[in-house]
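Have a look at the structure below before the remarks.
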Amino acid sequence: MDWTVPGGLAAGLLIATVTAPVGVSGAVFLLPVQLSVFGVPNPAVTPTNLLFNVVAGPGALWRYRHDGALRGGLARRLVLGTLPGVVVGAAIRVFALPGPDLFRLLIAILLLPLGLWLCLRTLAPARHGPPHAGELPPRTLTGLAMVVGVVGGIYGIGGGSLLGPILVGRGLPVALVAPAALAATFATSLVGAAAYTLLSLVSTGDVAPDWWFGLACGTGGLIGGYLGARLQPRLPERALRLLLGTLAAAVGALYAGQTLN
């Protein structure tokens, strides 16, 4: 077990460095690593993932704010919707979806189509109109964010990693979406981790986060997120999107296969 903390630190560092440039905290990829490599029990993997987001988030957010990218009302609208959603998702995860088989199926349902969609949108991008032409009306955006917040609360990803690809796919620039998605992920993960901690007091099983492992992964993610945000202007966006899409689809296919066997 001595390798768990340094292993978590390395995993968080690597994942966040790759994913931060496109507005993804990396929790969407860390969760399968927790289940398959480190053996974090269910449903503790979800709040542990949220703890990772809380610790890792400030690295990328500080860099984006320093560069002037974290501005405008998009982040506020995303947070307004995802905050209540993540609390509902946490309750669903603890009381309705505690088993590993259902959880693996949920992972597959989320990651496989998301990964394929990212790849397709990258290889055959839609024609873009004027700047911000794809931005949703405020009420629609808040409603979408709430639904994504529920899913994020169940899965432990904060919701930003789902909102980001949707908004970019509608034509919004990554430079605008990435900081807002990470801000929403950080805020909802903070509330979600607190909700799971409270739920652990009234439920049985491994509901509270794995604190040491989550802090180790988050520390790595803190460094990696800062590096990824700093590297964003220098990295080819097309290659990063393809990499994220391929990883998501591969992990989704892996868990789909495990669920069917």
Side-chain angles (χ1 to χ4, degrees), residues 1-22 24-57 59-60 93-94 97-112 114-115 118 151-158 160-162 185 189 192-193 196 200 205-225 227-228 240 242-261:
M1 295 298 294
D2 291 341
W3 66 280
T4 301
V5 170
L9 182 72
L13 173 63
L14 178 62
I15 291 172
T17 301
V18 175
T19 59
V22 290
V24 178
S25 70
V28 69
F29 300 113
L30 180 64
L31 190 144
V33 173
Q34 288 188 63
L35 285 172
S36 300
V37 179
F38 295 100
V40 178
N42 273 290
V45 289
T46 299
T48 302
N49 233 28
L50 293 172
L51 178 61
F52 162 78
N53 284 338
V54 172
V55 178
R93 177 70 181 92
V94 171
L97 293 172
D101 291 336
L102 286 175
F103 196 33
R104 289 192 180 97
L105 179 61
L106 179 61
I107 294 172
I109 291 172
L110 285 171
L111 287 185
L112 185 55
L114 175 61
L118 277 172
V151 176
I154 296 172
Y155 188 34
I157 57 177
S161 59
L162 298 177
T185 294
S189 296
Y196 273 101
S200 69
D206 299 300
V207 178
D210 185 329
W211 292 99
W212 284 111
F213 181 73
L215 290 172
C217 292
T219 302
L222 181 70
I223 301 169
L227 294 175
L240 279 174
L242 283 174
L243 175 61
L244 288 172
T246 301
L247 287 174
V251 173
L254 172 65
Y255 279 95
Q258 290 182 352
T259 302
L260 295 174
N261 290 334

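None of these values were measured; they are calculated from a predicted model. We're numbering straight along the sequence, starting at 1.
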Minimum-distance pair of heavy atoms, taken over all atoms of Gly220 and Leu9: N-CD1, 3.3 Å

By side chain to side chain contact (heavy atoms under 4.5 Å, CB included) - contacts of Ala249 (at least two apart): Leu112, Leu116

Closest non-hydrogen atoms of Ala108 and Gly252, given as atom of the first, atom of the second and distance, are CB-O, 3.4 Å

Taking only residues two or more places apart in sequence, or in another chain, which ones meet Leu14 in a side chain to side chain contact (heavy atoms under 4.5 Å, CB included)? none

All side chain to side chain contact (heavy atoms under 4.5 Å, CB included) counterparts of Ile223, not counting sequence neighbours: Leu13, Leu227

State, yes or no, whether a side-chain contact exists between Cys217 and Leu30 at a heavy-atom distance under 4.5 Å. yes

For Ala16 and Gly225, the nearest pair of non-hydrogen atoms, with its separation, is CB-N, 3.6 Å

To the nearest 0.5 angstrom, please state how far the CG atom of Asp210 sits from the CG atom of Leu215. 9.0 Å

Pairs satisfying side-chain hydrogen bond (donor to acceptor under 3.5 Å, both in side chains), at least one member in residues 11-22, at least two apart: none

Under 3.5 Å, side chain of Asn49 to main-chain N/O of Ala27, donor-acceptor pair present? yes

Considering all heavy atoms, the nearest Phe38-Thr4 contact: CE2-O, 3.9 Å

How far apart are the closest heavy atoms of Gln34 and Val45, and which atoms are they? NE2-O, 3.6 Å

